[in-house]
Amino acid sequence: MSERLSAVKGMNDLLPPDSARWEWVEATLRSLMHRYGYQNVRTPIVEPTALFVRGLGEVTDIVEKEMYSFEDRLNGDQLTLRPEGTAGVVRAMNEHSFLREGGRRLFYIGPMFRHERPQKGRYRQFHQAGVEVLGFPGPDVDAEIILLLRALWRELGLVEGRDLSLEINSLGQPDERRAHREALIRHLEAHADVLDEDAKRRLHSNPLRVLDTKNPAMQPVVEAAPQLIDFLGEASLAHFNGVKAVLDAAGLAYRVNPRLVRGMDYYNLTVFEWVTDKLGAQGTVCGGGRYDGLIEQLGGKPSPGVGWGLGLERLMLLLEAAQAPVPAAAPDAYAVVPTAASLPRVMPVLEALRAAGVAVVMHAGNTEGQGSMKSQFKRADASGARYALIFGDDELARGEVAVKPLRDAQAAQSLQPLADVAAWAAQLRNA
């Protein structure tokens, strides 16, 4: 026997019944996006490596340590499995001149790849849902995409303030960040003896990321560091206050976290994270912000943008930890077929039921001597179906099917005509 092969480390299979929860979440996401006026966009999993180097920043952890990059053996192109979704969406908008007719509200759902140490909620192939709103400069869309997330939490049975909390900050504009950066470097240099190796490496290349350290020994230095918000000008403060005003009016609680930064260099003005204390170290479930310079940076005409990325693996863990209710993925009915000879009469009925919107699972593998009525009823019950459709010889001879309720012991079995499926299909679908 050949050696059994396994999945690549950190890249996991998703099997039933767990996949039902994913389908439900994705369907909820798509429905919500439609109601908010967002359109679906799908970009390649593989992009030019230069896209992420230019977009995310050469000294970010993603580019330095985590990207799956390789050379195309046919033409020598440098390629990368996408580590996030924003850069690819912006590239597509630029390439197809998709913003020439005005702003766009877009969303995507798909796999991303980062070479990290696998742990619960953090995998090498992971899945993100994200939104990108391009061409709108005001704080209104910043607030809109945050409130869209609150709507999502509520539809999934999560409660803001209990299961998730919102943190927001403003990174201002490049000149304001430069002034803060100089002050921050001076502060960190004055405490160089406390900095770990990672902080020393970032001190001059990306000092803002030092503030995101999880090293307890560095926390006093981080807490005493200059705050970016003190360097913001009038326009940046007005934008931030505009976001907060909308969130306040919507009754959404938040915490201004002056130390909140994001892992990509392209952010400016509003940044935010939805965090939880139910997942241990993997506390950030969703994060995003404004990136007004990215479109031009990647070769397009100057245009503002804002968006977020939601880690679906972490969301699934949070739903499990919060014991959020998940709708059952059971079929409406299970077809009990005592003999294989009856299939030519049974199959058209099942197809008619499915065409009418009824989810029906047919008992399969029913050759002579197999699939006894007892075993079929066991499978019907295990399927979670609300009804068993019994296509016995006597019922078929009368042109009928017996409909047996499986979840209500008080409900009586009934007989329905095979010739008029539409008349009783709704009973199975709406019960």
Side-chain angles (χ1 to χ4, degrees), residues 24-38 103 105-107 128-133 136-172 227-229 232 234-262 267-279 283-291 304-312 314-327:
W24 168 63
V25 168
E26 290 170 4
T28 303
L29 267 163
R30 295 182 193 280
S31 173
L32 193 62
M33 294 301 172
H34 177 73
R35 279 176 272 153
Y36 274 72
Y38 286 67
R105 287 176 166 90
L106 306 169
F107 80 94
Q128 270 192 357
V131 305
E132 313 295 348
V133 182
F136 301 99
D140 50 352
V141 290
D142 300 26
E144 176 183 276
I145 65 173
I146 294 173
L147 292 171
L148 190 159
L149 285 162
R150 180 179 69 172
L152 176 63
W153 309 147
R154 291 178 173 180
E155 296 212 3
L156 296 179
L158 300 171
V159 179
E160 68 270 14
R162 184 192 70 188
D163 301 315
L164 288 144
S165 300
L166 174 63
E167 296 186 353
I168 63 175
N169 191 23
S170 176
L171 299 182
Q227 295 189 9
L228 177 54
I229 198 165
L232 300 187
E234 184 177 341
S236 294
L237 287 172
H239 188 101
F240 194 39
N241 289 335
V243 175
K244 292 190 291 182
V246 176
L247 299 182
D248 290 339
L252 176 54
Y254 56 85
R255 180 175 79 91
V256 176
N257 178 1
R259 304 301 180 196
L260 175 60
V261 295
R262 300 290 299 150
Y267 285 110
N268 71 306
L269 292 175
T270 311
V271 290
F272 62 88
E273 290 183 351
W274 284 91
V275 299
T276 182
D277 60 3
K278 297 182 181 294
L279 300 180
T284 300
V285 177
C286 179
R290 183 162 282 279
Y291 47 86
V306 64
W308 51 250
L310 166 61
L312 293 181
R314 294 187 193 181
L315 177 59
M316 301 303 166
L317 290 174
L318 180 59
L319 288 169
E320 183 179 343
Q323 298 182 327
V326 180

Which atoms form the tightest heavy-atom contact between [X] and [Y], and what is the distance?
X	Y	value
Arg30	Phe107	NH1-CE1, 4.0 Å
Val256	Tyr254	CG2-CE1, 4.0 Å
Gln227	Pro258	OE1-CB, 3.4 Å
Leu171	Tyr267	CD1-CB, 3.8 Å
Leu158	Asp163	CA-OD2, 3.5 Å
Trp24	Glu155	CZ2-O, 4.1 Å

Just wondering, are more than 12 heavy atoms of other shown residues or ligands nearer than 6.0 Å to CD in Glu320?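 Atom CD in Glu320 is not crowded, with 12 or fewer foreign heavy atoms closer than 6.0 Å.
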Begin with the C-alpha distance, continue with both residues' side-chain angles, and end with the deciding distance and a verdict on side chain to side chain contact (heavy atoms under 4.5 Å, CB included) for Arg154 and Glu160. CA-CA 8 Å; Arg154 291 178 173 180; Glu160 68 270 14; 2.6 Å; yes
With a 4.5 Å cut-off on side-chain heavy atoms, are [Y] and [X] touching?
X	Y	value
Leu318	Leu156	no
Arg105	Val141	yes
Phe272	Ile145	yes
Val246	Asp140	no

Could you please spell out the steps behind the side chain to side chain contact (heavy atoms under 4.5 Å, CB included) verdict for Val133 and Tyr38? CA-CA 9 Å; Val133 182; Tyr38 286 67; 3.4 Å; yes
In Å, rounded to the nearest 0.5 Å, how long is the span from [atom1] of [X] to [atom2] of [Y]?
X	Y	atom1	atom2	result
Leu269	Phe240	CG	CZ	10.0 Å
Thr270	His239	OG1	NE2	3.5 Å
Leu310	Leu149	CG	CG	7.0 Å
Arg35	Leu148	CZ	CG	9.5 Å
Leu237	Ser170	CG	OG	7.0 Å
Leu312	Leu29	CG	CG	7.0 Å

Is a side-chain N or O of [X] found less than 3.5 angstrom from the main chain of [Y], in a donor-acceptor match?
X	Y	result
Trp153	Leu164	no
Ser31	Ala27	no
Arg314	Leu279	no

Tyr291: what forms a ring-ring contact (aromatic ring centres under 6.0 Å, His included) with it, not counting sequence neighbours? Tyr266
Among all residues two or more places apart in sequence or in another chain, which pass the side chain to side chain contact (heavy atoms under 4.5 Å, CB included) test with Asn257? Glu167, Arg255, Arg259, Leu260
